[in-house]
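Bear in mind that the values here come from a model prediction, so they are computed numbers and not experimental data. FYI, side chains are in, hydrogens and waters are out, and symmetry mates aren't considered; it's all heavy atoms of this structure. Residue indices begin at 1 and follow the sequence shown.
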Amino acid sequence: QVQLVESGGGLVQPGGSLRLSCVVSGRIFAIMSWYRQAPGKQRELVATITNSGRTNYADSMEGRVTISRDNAKNTIYLQMNLLKPEDAAVYYCRGFPGDYWGQGTQVTVST
């Protein structure tokens, strides 16, 4: 059974940082991504990483996020810095091929 389990979300003040994790079991994905979805908005891509470490970032958070991958642990991470209130969303990890999703982790940015 393939599972993707995100963690690390929570409440942070504007300007703060969070590190999200996505632990994968049951499969090794060639490509993994982080997405986010804010209330009333479409789910959008944040960052992608291949199993060789090649990364790609969406404009919305580029320069403030870093995606990384620990192949030995079959885990990906999203380090988010200088968070803004508009970054508040549910963050999901996604694995390719096969298009698997985790359940999401909530990030709230507020004073």
Side-chain angles (χ1 to χ4, degrees):
Q1 183 179 2
V2 178
Q3 285 190 313
L4 289 73
V5 180
E6 301 97 333
S7 62
L11 173 64
V12 63
Q13 292 186 345
S17 299
L18 280 176
R19 188 192 194 208
L20 308 183
S21 301
C22 173
V23 179
V24 181
S25 59
R27 186 164 184 170
I28 297 173
F29 292 105
I31 299 171
M32 294 207 68
S33 298
W34 283 101
Y35 282 73
R36 67 181 184 179
Q37 187 167 20
K41 294 187 176 181
Q42 289 188 332
R43 193 170 295 188
E44 64 175 359
L45 175 68
V46 176
T48 297
I49 188 166
T50 69
N51 57 7
S52 63
R54 182 175 295 180
T55 59
N56 188 53
Y57 296 94
D59 291 342
S60 59
M61 296 191 79
E62 189 167 14
R64 298 187 293 121
V65 296
T66 303
I67 188 171
S68 60
R69 183 169 186 162
D70 186 334
N71 289 334
K73 295 181 179 179
N74 209 8
T75 299
I76 65 166
Y77 305 95
L78 187 71
Q79 176 67 43
M80 304 189 294
N81 302 318
L82 300 174
L83 285 164
K84 306 174 182 179
E86 53 263 41
D87 294 322
V90 179
Y91 284 72
Y92 300 89
C93 62
R94 183 185 188 187
F96 294 93
D99 199 17
Y100 291 85
W101 293 85
Q103 83 290 345
T105 185
Q106 177 73 51
V107 171
T108 303
V109 185
S110 175
T111 56

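When all heavy atoms of Ser33 and Phe96 are compared, the closest pair comes out as OG-CE1, 4.3 Å. Looking at every heavy atom in both residues, Asn51 comes nearest to Arg69 through N-NH1, 3.2 Å. In terms of heavy-atom proximity, Ile67 sits nearest to Tyr57 at N-OH, 2.9 Å. Here the closest non-hydrogen pair linking Ala58 and Leu45 is CB-O, 3.1 Å. Minimum interatomic distance between Val90 and Gly104 (heavy atoms only, all atoms of both residues): CG1-CA, 3.8 Å. The heavy-atom pair separating Phe29 from Gly95 by the smallest distance is CD2-C, 3.5 Å.
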Subject >> Test log, rule side chain to side chain contact (heavy atoms under 4.5 Å, CB included), inputs Tyr77 and Arg19 >> reply: CA-CA 7 Å; Tyr77 305 95; Arg19 188 192 194 208; 3.6 Å; yes

**OP:** Evaluate the criterion side chain to side chain contact (heavy atoms under 4.5 Å, CB included) for residue pair Asn81 and Ser17; output intermediate values, then yes/no.
**Re:** CA-CA 4 Å; Asn81 302 318; Ser17 299; 2.9 Å; yes

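Checked by atom type, the side-chain pair Arg54/Asn56 shows no donor-acceptor distance below 3.5 Å. Ser110 and Thr108 are not linked by any side-chain donor-acceptor pair at a separation below 3.5 angstrom, with hydrogens and angles left out of the test.
Inter-residue side-chain proximity for Met80 and Val46 is flagged as unmet; no heavy-atom pair is nearer than 4.5 Å. You'll find the side chain of Met61 reaches within 4.5 Å of the side chain of Leu83, heavy atoms only. Put simply, the side chain of Thr111 reaches to within 4.5 Å of the side chain of Pro14, judged on heavy atoms.
Here Ile76 contributes atom CD1 and Arg94 contributes atom CZ; the two are 12.0 Å apart, rounded to the nearest 0.5 Å. With rounding to the nearest 0.5 Å, the separation of CE in Met32 from OH in Tyr100 is 12.0 Å. Rounding to the nearest 0.5 Å gives a distance of 8.5 Å between CG of Leu4 and CG of Asn74.
Under a hydrophobic-cluster definition in which Ile, Leu, Val, Met, Phe, Trp and Tyr are linked whenever side-chain heavy atoms come within less than 4.5 Å, directly or via other members, Trp34 and Ile49 are assigned to the same cluster. Under the 4.5 Å side-chain contact rule for hydrophobic residues, Leu20 and Val12 share a cluster.
The cationic group of Arg43 lies under 6.0 Å from the six-membered ring centre of Tyr92 and within 45° of the ring axis, placing it in a cation-pi geometry.
With Gln103 contributing its side chain and Val5 its backbone, the two residues share no donor-acceptor pair below 3.5 Å. Asp70 places no side-chain N or O within donor-acceptor distance of the main-chain N or O of Thr75, the cut-off being under 3.5 Å.
The environment of Gln42 atom CD is sparse: at most 12 non-hydrogen atoms of other residues, nucleotides or ligands sit within 6.0 angstrom.
Just one of Leu18, Leu78, Asp87 meets the side chain to side chain contact (heavy atoms under 4.5 Å, CB included) condition when paired with Val107; it is Leu18.
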